[in-house]
Structures are given as C-alpha cells and as structure tokens.
J.: 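Please find one structure pasted underneath; my questions will follow.
In what follows, every chain begins at residue 1, and chains take the letters A, B, ... in the order their sequences are listed.
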2 protein chains.
Amino acid sequence: MKITIGDVAQKAGVSKTTVSRIINGNYNNNTEETVQKVLDTIKELDYRPNALAKGLKSSRTNVIGMVLSNLKNPFWANVLEGTEEACQELGFNLMICNSGEDPELEEQYIKEFQMRQVDGIVINPTAINTKLYNDLVMEEYPMVFINRKVDGIETHNVVVDNIKGAFMAVDHLLKKNRKNVVSIAYKNKYVSTWRERLEGYRAAMLAHGYSSSEFNILEIEREKGNIKGIIIDFLKSNPSIDGIFSTNNMITLEIVDAIKDLELKIPEDIAIVGYDETIWAKHLDPPLTTIKQPAKELGKVSAKILIETIQNNNFDKPQKIILQPELIIRKSCGATSASVVWAVKK
Amino acid sequence: MKITIGDVAQKAGVSKTTVSRIINGNYNNNTEETVQKVLDTIKELDYRPNALAKGLKSSRTNVIGMVLSNLKNPFWANVLEGTEEACQELGFNLMICNSGEDPELEEQYIKEFQMRQVDGIVINPTAINTKLYNDLVMEEYPMVFINRKVDGIETHNVVVDNIKGAFMAVDHLLKKNRKNVVSIAYKNKYVSTWRERLEGYRAAMLAHGYSSSEFNILEIEREKGNIKGIIIDFLKSNPSIDGIFSTNNMITLEIVDAIKDLELKIPEDIAIVGYDETIWAKHLDPPLTTIKQPAKELGKVSAKILIETIQNNNFDKPQKIILQPELIIRKSCGATSASVVWAVKK
DNA sequence: ACATTTCTAGAAAACGATTCCCAATTAGAT
DNA sequence: ATCTAATTGGGAATCGTTTTCTAGAAATGT
C-alpha cells in the first residue's frame, strides 16, 4: 500500500499541514521536537511524496520538456547530455521527444508537454510553426529556442554563431590558397543555421576579394537518397574545385568518400573543413579540420536559462545568447602535423 | 485562465462525468447528440485535459522513464531513438536521465521516477544496485533491463547476443589467418556485456584449437586517461599481435590511431574488428569491419515490452529477448572491396 | 395502463498533496 | 492576576480529474 502524507501525519501524531511544511523546509514554524519527530517518521515509513499531487496543487512539476529534431546526430546527443546535466544539478527532470523536423509532430509534442504541466520547454524549432510559437510567447510559457533562430519570436534563444563559424572555415580554406571553394549544405530555407552558414561563406569569399558571381553552393535535398552520388557528379562537372566547406557532419563523411572514390587526394587536390567536431573527426584519414560547436554547453545553458525563467518568472527580457564556435585545424586542409612543425622549427 | 473539464461541462450543459466519459472514448453511454455537443465544446474552448489530475486519480501517467549510462556513445543515442519512437507510436511520453554508471545516481533517478508515478522504467543497469532491483521486482514495478543482464533479477530483459557477436568477430579474424588475436576491452567486472564479449573471444579461440593459455586480453581501466598510449605500449611489448578484437567503439578509434602511430598497416600488419556499427565505421581508413548491434530495435523492443506489461499487468513471465548481432565485413580485416572481387572474378 | 428493465446522465467522493485561515497554547507586558 | 501578542499546529478547501452509485426518463413487456 502506498504511503501518503496522511499516514505520516497520523503516525507522527501531527497534522498533514505540519508534515507538508516540514517537507518543504518550513522549519521555522515548528518546534525542534516536532520537526525531528516528523523527519524520523518519514524515514521510518520510507515516505515519498507523490509528485503528481504536488504538481496538481502547486502547478509546478519541476519537469522540463525538450523537443529535438534528430537524436541520431551526435551533435544533438551532446546537446542532450548538457541539458540533462543541468537538470540534474538544478533538481529538474527531463522529458524528451523527437520531432524529426516534422512541424505537426512538433506541435503535437509541445501540446502534450503542456498537458503534462511541464514547467518549460527547450525547443529546436522546425521554425515553421510560427503561430504556435507566438501563442506560447503570448501565454508566457517558459521556452528556449536552441540552436536556431526564428524571426519575429520574442523568446530566449541560445545559439552558436554560425556566420562566424562558416566564415572561419571558408577563411581558413582561402588562406590555405584554395581558389575554388564550394559550400555543400542540406537545402532548408526555414532553418537559420543553414542560412547563416551560407552567409558566412559569402562573407568570407567577399572578404577575400571574390565577387558574388563566383560563389559556388551545392544544396542537397535530404530526401534524395544517394548523397555521395550527387557529390561525385557535382565534383566531376566542377573539376576546378579545390576546397570544400561542408556544413553538416553527416554530409562530410559522404564528401570524404566521394573524393576517395574519385581517387583524388585530401588535402592535395581538395581541402575540406567540416562543421561539427565529432568523435571521429580526428580519426578520419586524413584527420578532419572542423568547426567545433560547444554542443554540450549549448544544451546546458539553454536548460539553465529556462529554469531560471521558471523560478523567477522573468519574461521581461528574452535572453539572446550566442556561443562561439572554434576552428580545429587538422590535416584535411593541409595543416602539417605537430611533430612535423617541430621538426621544421628545429 | 486555464480551461477545466468543469468549464466544458458547464458550457455544454452537461455534467463533468459526461465530459470525462466522452473524452475517454466511452461513447456508448451517451446519445449521439450529447457526444457531438461535448466534442464541439471541447474544440471551441480548446480544452486540454490536465494530465497531472488525470494521473493522480487514475494512477496511470502514460509516461515511462529511461535510465541511460552514456548518452555520448552513439550506440545509446540510437537506442534512445528507438525507445522514443515506440513511445510515440504507443501514446506514451518519455523521461530520460543519465546515470553515468554511477549506482547512487541510478538509485536516486529511479526513485524520482517512481515519485513522478512513471508507469514503468527502462534501465541500462549499472548492475550493482541489486537490492534496489529486487525491491522493484517485489513491488511489481514494470521494468525492463536493456542491453545488460543482471544475475538473479527476474525481470524483462532485452539484450544482444554478445557471446555470439564476439565469437563472430574473433572467428572472422582467425579465419583470415590471424595467429595472435588480442581482445581489448574496458575493465568492468559487473557488466554482463564485457564478460560475454570476452567469453565469445575465448569460445572462438578454443574452437580454432587454441588453448586457454594462449588467450590474450588487454583490459583498460576507464579512469586511466591515455588510452592510445596504453595500447601503443601494449602493442610494442606484444609485437606478434596480428589481429585485434575491440569490444568498444570508442576504444576502436584509439586502436586505429595507435596502429597508425606505430606506422603499422591495417590490415596487413594488424587486422581489426570493432564492436558496434557506427556512422563512421565505413568511412575510416581502411573501412572498419564491425559487429553491428540492432541498437534502435533494442530500444524499441524494450519500450514495447514495457508498455505491454503496463497495459496488461502481466508479471508472470519475465521476457528474455536476445537480439542478433551481425558481422559487417570491410577492409580492416583484409576483405577485398566489392569492385576488386568483381575484377578478380572476371 | 401499469410494472419492469434499460438507457442516459448527474452528484459526490475520491486521488494526495498545499495552503489559507483560524484556534489554542504559551509568553510577555502591565 | 489579567490582557494582549506571538507562536504553534490543525481543519478544511482546493487543484482537475475519474468513477461509483443512483435517479429519472424512456422503452419494453404483460
């Protein structure tokens, strides 16, 4: 049989009120003696409060929800890890779901979260459901958009500077004397990350004296299965390409394979910079130069901001946090290895 | 202001009872007309039931909890994806947490889940908290152990056949004429997966006529930072090694690097089979032969069994499900590529 | 026409906490 | 010794559902 607060009260010979107060740390209202008695009884009966009842009455659950779009991508696994860690530290629990970029599913999930009285939501938004987002802002539902911006929605937003990340990548390629740099990306006009990475590409090209007519961008539709094939075809018809900025870690692997299939050499024939520092980047052949995003921190910061909003109810100032990417230089752009540098110096 | 079932009842001119019945699909008890009226009112007011209240009263939440130990490992991200998918299909929501192999954290999380009246739990058990596990079995708390077995705990268990997986890996190496095969693993005596993979190694060795004195196993302690260094040292002092069975995908990457640092060639000098088919396995140089575990299915099946238990309350027969691993042959064991095979045939 | 059965739908009591408000006891002041 | 103020703890309402029990209406049988 489940033990309730009533059982504790009875056994300790006090009222439910008293027990409740003591559980919630309201010691100043009771004698030392009462507190001790109640605490002992709780331990004795191994009483555990029913979070549902508590939530129902207090309308706070200490649970946050997270809507992700692609669990499979290690980037998101890292983000999730950060969010989980923050929750743990701050005494919250985490519900997650996977929208798979489907706006309908996203909406359904968000509504489910709300029905469960989740205290707030971290969303990697599909960016399509603007009406839904606006409704949430209107009703002051604590919410953080993670990794993506959505125009016109005034809510907390934690992102990585994608323009800068892309700029660094392309700038690095151009400094390594590459003359024909292409940017390869998934096609998705709704999502700010893609837009910004292309913008960074353009900015870097312009900064190096290229004109916009010289921009070269390959956009791949996710649905089209054979990504490697598309890349091979592209490279065949653009034989002058000597540098690739890949905006997505899954695509990067296909690019590397495509280049090998064409029996070209990295970096001698084509240099590559990939987006996202993955577990495997430094183990590829050659090790991959990447733009590292602080994925775990992204998740952690988002959760912290959300929870702070929940606890302080401050909706006056939506926070816009921009984390900084980092260029990890490896051989895929022609970097010499550490030992060689040393030898040369010597 | 929040809309409750009472508001709907009032507006529709019926009682809360009626509304509740209709929400829960009890149409046969009401006239067509009443049903329609209530349904319309629900839509009109955009009424959304409070899951907390519902859960409190009915003591079913339609939420399951999942305790993972390492979100960062892509294997688990895939498992999680499967679990999430099953939840979605079956109308459940998912709470997750990350024990990080810490038994105390595991216990704390499981208790939190229970306080939240989660309907059941999927656990990747640290395997240390036997008392806790037993308590859960005793109180018939729906539970599934995933990926690991724990001796003496009578509960649902979904695993992959690790003995077989390891056997296939080592058998493959030996058939490729490797004479000195070592198994490299993390040291963890509590966890069935490690034990079984070593058992599979031994079985394969025995099957190929080796005696137990010829077994060669390198166990690495997770805490010791420099894994690559340990492997290099090991390979230096065991120069006859010509085949490696790596029981963990993170270690595999270090092994590959170690071998390259030693300027040895894969597979000519040392052949490798790795555990877990990761995104990057086929993109390594050379592409890696692996044992593929049906990770997503593992997660999915676990959730399904759990939810079925919840819905049917059948604790009589704990299910033991063993999924099958698969050998994915690539060049790291000396497999010729498909095209070469074709050329030779020709 | 009246008795009996079947439908339909409502009143009210849970579920297990929190919390407002009030009563009783004690302490302090005069 | 009496009155007021402060402390301590309890009664009961409440959160938003579900569900049992029951009553009235309608339908059926005689």
J.: Pairs in or reaching into residues 35-88 of chain A: which pass ring-ring contact (aromatic ring centres under 6.0 Å, His included), with residues at least two apart or in two chains?
T.: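 Passing the test, one end in residues 35-88 of chain A: no pairs.
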J.: Without decimals, in angstroms, what is the distance between A:R60 CZ and C:dA17 C1'?
T.: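 In whole Å, C:dA17 C1' lies 15 Å from A:R60 CZ.
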J.: I need the full list of salt bridge (Lys or Arg N to Asp or Glu O under 4.0 Å) pairs touching residues 66-77 of chain B, with sequence neighbours left out, sorted by first then second residue.
T.: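 Found A:E81-B:K72.
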J.: Could you tell me whether A:K296 and A:E85 make a salt bridge, using a distance below 4.0 angstrom between a side-chain N and a carboxylate O?
T.: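 Yes.
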J.: Tell me every residue that passes salt bridge (charged side-chain N to carboxylate O under 4.0 Å, His left out) with B:K189, counting only those two or more places apart in sequence or in another chain.
T.: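 Expected list: none.
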J.: State which residues pass ring pair (Phe, Tyr, Trp, His ring centres under 6.0 Å) with A:Y133; sequence neighbours excluded, sorted by chain then number.
T.: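 A:F145.
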J.: Return the set of residues passing salt bridge (charged side-chain N to carboxylate O under 4.0 Å, His left out) with A:K37 (not counting sequence neighbours), or none when no residue passes.
T.: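 Here no residue qualifies.
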J.: Do any of residues 37-45 of chain A sit with a heavy atom less than 4.0 Å from DNA chain C, and if so which?
T.: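 Residues of residues 37-45 of chain A that come under 4.0 Å of DNA chain C do not exist, since none gets that close.
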J.: What is the distance, to the nearest angstrom, from the CD atom on A:E33 to the P atom on D:dT7?
T.: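 Answer to the nearest Å: 19 Å.
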J.: Kindly write out the residues that satisfy ring pair (Phe, Tyr, Trp, His ring centres under 6.0 Å) with B:F113, not counting sequence neighbours, or none if the list is empty.
T.: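 With neighbours one apart ignored, the set is empty.
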J.: Write down the distance between CD1 (A:I22) and P (C:dT18), rounded to a whole number of angstrom.
T.: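 Value for this atom pair: 12 Å.
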J.: Counting the atoms with a prime plus P, OP1 and OP2 as sugar-phosphate, which does B:S59 contact under 4.0 Å by heavy atoms, base, sugar-phosphate, or nothing?
T.: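 Counting heavy atoms under 4.0 Å across all strands, no contact is made by B:S59.
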J.: Could you tell me which residues satisfy salt bridge (charged side-chain N to carboxylate O under 4.0 Å, His left out) with A:R60, sequence neighbours excluded, listed by chain and number?
T.: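 Result, salt bridge (charged side-chain N to carboxylate O under 4.0 Å, His left out) vs A:R60: A:D119.
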J.: What's touching nucleotides 17-22 of chain D from the protein side, N or O pairs under 3.5 Å?
T.:
{"residue": "D:dT17", "atom": "OP1", "partner": "B:Y47", "partner atom": "OH", "Å": "2.9"}
{"residue": "D:dT17", "atom": "OP1", "partner": "B:N50", "partner atom": "N", "Å": "3.0"}
{"residue": "D:dT17", "atom": "OP2", "partner": "B:I5", "partner atom": "N", "Å": "2.6"}
{"residue": "D:dT17", "atom": "OP2", "partner": "B:Y47", "partner atom": "OH", "Å": "3.4"}
{"residue": "D:dT17", "atom": "O5'", "partner": "B:Y47", "partner atom": "OH", "Å": "3.1"}
{"residue": "D:dT17", "atom": "O4", "partner": "B:K16", "partner atom": "NZ", "Å": "3.3"}
{"residue": "D:dT18", "atom": "OP1", "partner": "B:N24", "partner atom": "ND2", "Å": "3.1"}
{"residue": "D:dT18", "atom": "OP2", "partner": "B:S20", "partner atom": "OG", "Å": "2.5"}
{"residue": "D:dT19", "atom": "O4", "partner": "B:T17", "partner atom": "OG1", "Å": "3.2"}

J.: Compute the bend angle of the helix from C:dA1-D:dT30 to C:dT30-D:dA1 from the end axes (five pairs per end), rounded to 10°.
T.: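 So the angle between the two local helix axes works out to 50°.
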J.: Just wondering, are more than 12 heavy atoms of other shown residues or ligands nearer than 6.0 Å to CD in A:Q10?
T.: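 Open.
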J.: In whole Å, I'd like the distance from the CG atom of B:L52 to the P atom of C:dA17.
T.: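 To the nearest whole Å, that distance equals 13 Å.
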J.: Who are the salt bridge (charged side-chain N to carboxylate O under 4.0 Å, His left out) partners of A:K304, not counting sequence neighbours?
T.: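 By the salt bridge (charged side-chain N to carboxylate O under 4.0 Å, His left out) rule, A:K304 matches no residue at all.
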J.: Mind checking side chain to side chain donor-acceptor pair (under 3.5 Å) for B:K43 and listing every partner two or more places apart, or none if nothing turns up?
T.: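 So B:K43 forms no side chain to side chain donor-acceptor pair (under 3.5 Å) with any residue.
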J.: In whole angstrom, give the distance that lies between atom CD of B:Q10 and atom P of C:dG10.
T.: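 Result: 13 Å.
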J.: Rounded to the Å, how far apart are B:Q117 CD and C:dG16 P?
T.: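 Rounded to the whole Å, the gap is 8 Å.
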J.: Without decimals, in angstroms, what is the distance between A:L56 CG and C:dC15 C1'?
T.: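 A:L56 atom CG is separated from C:dC15 atom C1' by 9 Å.
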